[in-house]
A.B. asks: 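First the structure, which I've put down as structure tokens, then a few questions once you've had a look.
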Amino acid sequence: MPENYDVPPDDDPHRGSDRPGPAEKESGSGDTTGTDREATSPESAGERTTRISAGRLAAEQSGQADQSGRTGQTGTAEADHAESAQAPPTGSTTAESQHGQLAGELTEQGTRPISQSGAQSEGTERIDGTGTTAASGASGEQPPESDAERTATIPPVPGTEPAAATEQTYASPTDFIGIIGGSSQQQTARFPEHDTERTDTIPRVQPQEQPTWSFADGVGGFSADPPEGPKPRPQNRSRLVRAGIGAGIAVGALALLYLGDLFFSSGSVPRGTTVADVQIGGMSKTAAERKLKNQLEAGLHEPIRLTTGETQASLSPDDAGLRMDWGETVERAGSQPLNPITRITSLFTEREITPASSADRAQVRQALEQVKPQLDRAPAEGTIRFEGATPVPVDPVTGRTVDLSSATDVVLSKWAINGPVRIPYSEQPVTTTKEGVQKALREVAQPAVSGPVTVRGEGHDAAISPETIAASLRFEPDGDGGLRAGVDVPAVVGGVEPQLRDTIKPGQDAQIVLEGGKPVVRPSVEGRGVDWNKSFEKLLDIYKKRDGRSVQAIYQQQPPPFTTEQANGLGIREVISEFETGGFEPASGANIRRVAEQVNGAVIKPGETFSLNGHTGPRGVPQGYVESGIIEDGRPAKAVGGGISQFATTLYNASYFAGVKDVEHKEHSYYISRYPPGREATVFQNPDGSSVIDVKFKNTLNSGVMITTQWTPSSIKIQFWGTKQYDVTSQTGPRTDEKPPHEKVVPPGQPCSTSKGTGGFTVTDTRTLRDVKTGKVTTEKPSKTVYNPQPIIHCGPPPPKP
């Protein structure tokens with residue numbers, strides 16, 4: 001589409017210049033057609049006039065062909081072309097000469113206004129700069145028009161008013177805009193005007209790629225070939241040359257800087273290099289080693305802080321054998337890079353080098369094993385605990401496990417850095433969630449302790465207090481992120497049973513007692529009590545309520561655990577074994593008497609196992625025991641419950657000859673002469689009553705076993721009652737590997753009891769059993785006992801040598 005024609009003449013950058021126009025292209029034949037229509041030489045004012053006249057003529061022919069009388073005019077397009085071709089080039093004439101020539105033509109031929117009719121004629125005609133007439137239309141070719149007609153098509157320039165002109169209505173160059181936009185205007189001016197003025201108003205059309213020019217509102221149009229692009233101006237070429245020279249100088253300068261940098265930085269540590277936050281970039285390798293030693297060496301013996309999450313531990317570099325290899329550390333940095341881009345970026349970036357350690361990997365791993373328990377964390381499921389009767393939620397905690405292999409790698413590479421070393425670990429998940437814990441708190445725990453629960457008994461009631469409720473509630477993961485609640489019935493019974501004791505009649509076990517030297521069964525008594533499990537079957541549902549909190553105690557007849565029938569069926573009617581020891585001091589005798597009282601009457605059913613420590617429980621002052629002599633670290637000492645070992649030896653031998661199975665026993669470390677060698681035992685407990693050394697045996701007989709004890713101030717006798725099944729004999733082997741005692745001095749001020757000591761030796765014992773019914777003999781594998789020599793104890797300095 002053509003540009004706006006209504007522009008001032010000075011907007012054309014090539015007007016009045018001898019420089020070729022951007023749209024000029026040379027034709028090889030002298031005739032311009034297709035894309036080579038324009039002449040190679042600058043066009044004259046006449047040529048411009050002719051081109052515009054041709055356009056206007058096409059519009060005139062389409063609207064006023066019959067009225068103008070063009071068919072009677074003379075002259076051809078070839079003549080017009082010849083006339084215009086004689087005009088001098090635009091570059092060799094001035095605008096004034098062009099104006100004069102055109103003014104003369106107008107004077108001779110006269111001018112006529114161009115119709116502003118918007119109607120398009122059936123045929124249009126275009127006259128190009130070569131003089132060739134292109135005609136189109138329904139009626140075929142139109143006859144050529146005269147110069148006068150062509151000239152008449154040029155509109156006057158607004159504002160140019162010759163003295164002899166008369167006012168007329170004509171189409172101005174701006175009409176082209178109006179027509180294109182779909183409207184037209186009429187302007188009033190005077191005639192005639194100069195050709196130069198008309199010509200100067202014609203704007204130069206900027207070249208476009210294959211444009212098609214057309215006018216709107218039905219007015220005929222014409223198309224023109226795209227002009228060539230502008231050729232570079234001389235000053236543009238000179239600018240390019242200067243830019244190229246400047247670029248070359250810049251490249252050369254950069255190359256010189258690069259070569260200079262290569263020369264001066266050769267052999268140094270690459271720029272931007274740091275080791276444990278110490279800058280060594282750009283330094284020589286020797287200077288870099290020296291700087292690292294000065295700034296890091298002093299802190300390399302401080303404990304290393306290790307962290308896994310919020311858990312911390314410390315590791316001694318010296319214990320782990322960690323040392324720094326400064327030379328290898330600097331070598332790891334390498335040399336200055338040759339890549340110029342890398343060199344430039346090194347001015348603005350940092351590169352951390354891992355310190356090179358000199359250490360034994362196995363030693364580092366061993367040191368980490370020592371602190372691993374401090375870094376690990378066991379997973380903990382969420383739950384609800386109680387502080388008195390107040391429920392407290394406990395959120396779940398995932399576990400952490402340190403991988404020693406990965407931890408060793410991290411310590412070797414990062415132990416010299418400032419700050420803690422983060423040790424890698426793997427998490428151990430839990431099944432509960434914080435939300436699940438909160439739900440159990442709201443729905444179970446808080447309502448449960450909101451008040452007491454009433455237990456309705458026979459005769460009077462009891463109450464389960466909030467404290468008892470809290471003690472009885474149990475929570476465990478339900479597998480879906482929450483908690484499953486449960487009730488510990490014995491805990492509830494412990495709080496309620498004393499309140500309902502008057503409504504309960506306990507049963508009584510059958511007893512086997514000696515009367516007249518023979519075992520007699522005393523009958524059991526049936527009781528009546530509460531079936532606690534059945535009574536508290538729905539107790540958890542009651543806990544979840546805030547009102548209607550009561551349960552009914554369900555009573556039933558309760559037979560005793562050991563009935564008369566069971567006692568008679570045990571076959572306890574005769575002594576099947578017995579053993580007796582003596583020679584103990586009074587304090588030990590007091591303890592032996594107390595333990596004998598506890599064991600007397602114990603019944604062991606077939607298949608049951610008896611434990612001395614388990615049967616008596618803790619043996620301390622509250623239980624009636626006193627301090628007596630013991631052997632500790634090979635020398636005599638004192639402790640509460642001393643002397644029980646003699647009872648244990650007596651019990652072991654009674655079980656030995658009864659033919660029951662030995663489960664556990666341990667001989668003394670030193671031989672005691674009042675006991676049979678290889679056939680004795682000792683016992684020991686922790687202060688809380690937990691067993692350390694025990695005497696245990698299992699009743700493998702067909703009958704039950706009842707233990708009876710007979711104590712005197714100087715002896716203890718133990719008998720096993722039942723139905724005799726075996727005759728038992730013992731064979732003690734000879735003493736071997738005998739060792740004499742050695743002397744030991746107890747420093748003054750320490751507890752001490754003198755001792756003559758005894759020698760050590762090794763001995764074996766073999767038990768043989770003969771079935772009294774079948775006569776079958778069974779010889780067991782010999783047991784071996786090693787006694788250490790008991791030292792000769794001196795209190796204070798040793799006696800002088802003779």
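As the structure is a prediction and not an experimental result, all values here were calculated from the model. As a basis for the values below, the full set of heavy atoms in this structure was taken, side chains included, without hydrogen atoms, waters or symmetry mates.
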A.B. asks: Under a 3.5 Å distance rule, please check whether Arg549 uses its side chain to pair with a backbone N or O of Ala448 as donor and acceptor.
C.D. replies: yes
A.B. asks: Do Glu515 and Arg522 meet the salt-bridge criterion of a basic N to acidic O distance under 4.0 Å?
C.D. replies: yes
A.B. asks: Looking at Arg619, Lys696, Glu664, which one forms a side-chain hydrogen bond (donor to acceptor under 3.5 Å, both in side chains) with Asn613?
C.D. replies: Arg619
A.B. asks: Taking the side chain from Glu574 and the backbone from Lys724, do they hold a donor-acceptor pair closer than 3.5 Å?
C.D. replies: yes
A.B. asks: Under 4.5 Å between any side-chain heavy atoms of Leu539 and Ile464, yes or no?
C.D. replies: yes
A.B. asks: So, does Asp727 use its side chain to make a donor-acceptor pair with the main chain of Arg770 at under 3.5 Å?
C.D. replies: no
A.B. asks: Check whether any side-chain heavy atom of Asn653 lies under 4.5 Å from a side-chain heavy atom of Pro676, and answer yes or no.
C.D. replies: yes
A.B. asks: Would you tell me whether Gln646 and Thr581 have side-chain atoms, one donor and one acceptor, within less than 3.5 Å of each other?
C.D. replies: yes
A.B. asks: Show your reasoning for whether side-chain contact (heavy atoms from CB on, under 4.5 Å) applies to Tyr670 and Asn788.
C.D. replies: CA-CA 5 Å; Tyr670 310 105; Asn788 297 324; 4.0 Å; yes
A.B. asks: Between Tyr543 and Ser472, is there a side-chain donor-acceptor contact under 3.5 Å, judged purely by atom types and distance?
C.D. replies: yes
A.B. asks: Does Trp721 use its side chain to pair, donor to acceptor, with the backbone of Val603 at less than 3.5 Å?
C.D. replies: no
A.B. asks: For Arg679 and Phe657, what are the C-alpha separation, side-chain angles and deciding distance, and is it a side-chain contact (heavy atoms from CB on, under 4.5 Å)?
C.D. replies: CA-CA 11 Å; Arg679 215 174 64 226; Phe657 288 104; 3.9 Å; yes
A.B. asks: Got a donor-acceptor contact below 3.5 angstrom from the Thr433 side chain to the Gly481 backbone?
C.D. replies: yes
A.B. asks: How many angstroms lie between atom CZ of Phe579 and atom OG1 of Thr649, to the nearest 0.5 angstrom?
C.D. replies: 8.5 Å
A.B. asks: Can you name the nearest heavy-atom pair linking Val453 to Ile469, along with the distance?
C.D. replies: CG2-CD1, 3.9 Å
A.B. asks: Let me see the working for Ser628 and Glu585 under side-chain contact (heavy atoms from CB on, under 4.5 Å), right down to the final yes or no.
C.D. replies: CA-CA 9 Å; Ser628 182; Glu585 64 178 4; 3.3 Å; yes
A.B. asks: Mind listing the closest non-hydrogen atom pair of Ala485 and Leu540 along with its distance?
C.D. replies: O-CD2, 3.5 Å
A.B. asks: Before accepting this row, confirm whether a basic side-chain N of the pair Lys717/Glu578 lies closer than 4.0 Å to the acidic partner's carboxylate O.
C.D. replies: yes
A.B. asks: Measuring from atom CD1 of Ile604 to atom CE of Met706, what distance do you get when rounded to the nearest 0.5 angstrom?
C.D. replies: 10.0 Å
A.B. asks: Begin from the C-alpha positions of Thr732 and Val763 and carry the test side-chain contact (heavy atoms from CB on, under 4.5 Å) through to its verdict.
C.D. replies: CA-CA 7 Å; Thr732 302; Val763 69; 3.7 Å; yes
A.B. asks: Are side-chain heavy atoms of Trp532 and Glu497 found at a separation under 4.5 Å?
C.D. replies: yes
A.B. asks: Does Arg594 reach the main-chain N or O of Gln623 with its side chain, forming a donor-acceptor pair under 3.5 Å?
C.D. replies: yes
A.B. asks: Between Thr311 and Gln374, do the side chains contain a donor N or O and an acceptor N or O under 3.5 Å apart?
C.D. replies: no
A.B. asks: Salt bridge (Lys or Arg N to Asp or Glu O under 4.0 Å), that's the test. Do Arg400 and Glu310 meet it? Break it down for me.
C.D. replies: CA-CA 11 Å; Arg400 283 198 292 259; Glu310 70 280 0; 3.4 Å; yes
A.B. asks: Parallel, tilted or perpendicular, judged at 30° and 60°: which one describes the rings of His615 and Phe610?
C.D. replies: tilted
A.B. asks: Could you state the interatomic distance from CG (Asp531) to CG (Asn533), rounded to the nearest 0.5 Å?
C.D. replies: 6.0 Å
A.B. asks: Using side-chain heavy atoms (C-beta onward) and a distance below 4.5 Å, is Phe536 in contact with Ile542?
C.D. replies: no
A.B. asks: Side chains of Phe475 and Glu381: closer than 4.5 Å at any heavy-atom pair?
C.D. replies: no
A.B. asks: With distance as the sole criterion, is a donor-acceptor pair present between the side chains of Asp694 and Ser611 under 3.5 Å?
C.D. replies: yes
A.B. asks: Look at the side chain of Glu580 and the backbone N and O of Ser715, then say whether any donor-acceptor pair between them is shorter than 3.5 Å.
C.D. replies: no
A.B. asks: Answer yes if the side chains of Ser524 and Thr563 hold a donor-acceptor pair under 3.5 Å, and no otherwise.
C.D. replies: no
A.B. asks: For Phe697 and Phe720, take the angle between the two ring planes, folded into 0 to 90°, and tell me which bin it lands in: parallel under 30, tilted 30 to 60, perpendicular over 60.
C.D. replies: tilted
A.B. asks: Counting only heavy atoms not in Arg422 (residues, nucleotides, ligands), do more than 12 fall under 6.0 Å from its CZ?
C.D. replies: no
A.B. asks: For the backbone of Ser703 and the side chain of Asn699, can you confirm whether one donor and one acceptor N or O come within less than 3.5 Å of each other?
C.D. replies: yes
A.B. asks: Identify, with sequence neighbours excluded, every residue that meets side chain to side chain contact (heavy atoms under 4.5 Å, CB included) alongside Asp480.
C.D. replies: Asp478
A.B. asks: Between Arg456 and Ser550, do the side chains contain an N or O donor and an N or O acceptor separated by less than 3.5 Å?
C.D. replies: yes
A.B. asks: Looking at every non-hydrogen atom in both residues, tell me the closest pair between Val449 and Ala389 and how far apart they are.
C.D. replies: CG2-O, 3.3 Å
A.B. asks: For His668, does its backbone N or O pair with a side-chain atom of Glu680 as donor and acceptor, under 3.5 Å?
C.D. replies: yes
A.B. asks: Does the side chain of Val595 reach to within under 4.5 Å of the side chain of Leu612, using non-hydrogen atoms?
C.D. replies: yes
A.B. asks: Would you call Glu597-Arg593 a salt bridge at under 4.0 Å N-O?
C.D. replies: yes
A.B. asks: Could you tell me the separation between the OG1 atom of Thr390 and the CZ atom of Arg385, rounded to the nearest 0.5 Å?
C.D. replies: 10.5 Å
A.B. asks: To the nearest 0.5 Å, what is the distance between CD on Gln499 and CD1 on Ile504?
C.D. replies: 11.0 Å
A.B. asks: With side chains defined as the heavy atoms from C-beta onward, is the minimum distance between Ile576 and Val705 less than 4.5 Å?
C.D. replies: yes
A.B. asks: Without hydrogens or angle criteria, can the side chains of Thr401 and Gln428 be said to hold a donor-acceptor pair below 3.5 Å?
C.D. replies: yes
A.B. asks: OG1 of Thr709 to CG of Leu651: how many Å apart, nearest 0.5 Å?
C.D. replies: 10.0 Å
A.B. asks: Can you name the nearest heavy-atom pair linking Gln446 to Pro391, along with the distance?
C.D. replies: CG-CG, 4.0 Å
A.B. asks: Heavy atoms, side chains only, cut-off 4.5 Å: are Leu368 and Leu306 in contact?
C.D. replies: yes
A.B. asks: Taking atom NZ of Lys784 as the centre, report whether more than 12 heavy atoms of other residues, nucleotides or ligands fall under 6.0 Å from it.
C.D. replies: no
A.B. asks: Which heavy atom in Ile423 sits nearest to a heavy atom in Ala407, and how many Å separate them?
C.D. replies: CG2-CB, 3.5 Å
A.B. asks: Check whether the side chains of Thr616 and Gln598 place a donor and an acceptor atom closer than 3.5 Å, and report yes or no.
C.D. replies: no
A.B. asks: Check whether the side chains of Thr758 and Tyr787 place a donor and an acceptor atom closer than 3.5 Å, and report yes or no.
C.D. replies: no
A.B. asks: Show the nearest heavy-atom pair for residues Thr468 and Ala491, with the distance to one decimal.
C.D. replies: CG2-O, 3.9 Å
A.B. asks: Checking the side chain of Thr708 only, and the main-chain atoms of Gly601 only, is there a donor and an acceptor separated by less than 3.5 Å?
C.D. replies: no
A.B. asks: Please check if any side-chain donor atom of Asp765 sits under 3.5 Å from a side-chain acceptor atom of Ser730, or the reverse.
C.D. replies: yes
A.B. asks: Between Thr682 and Ser645, do the side chains contain a donor N or O and an acceptor N or O under 3.5 Å apart?
C.D. replies: yes
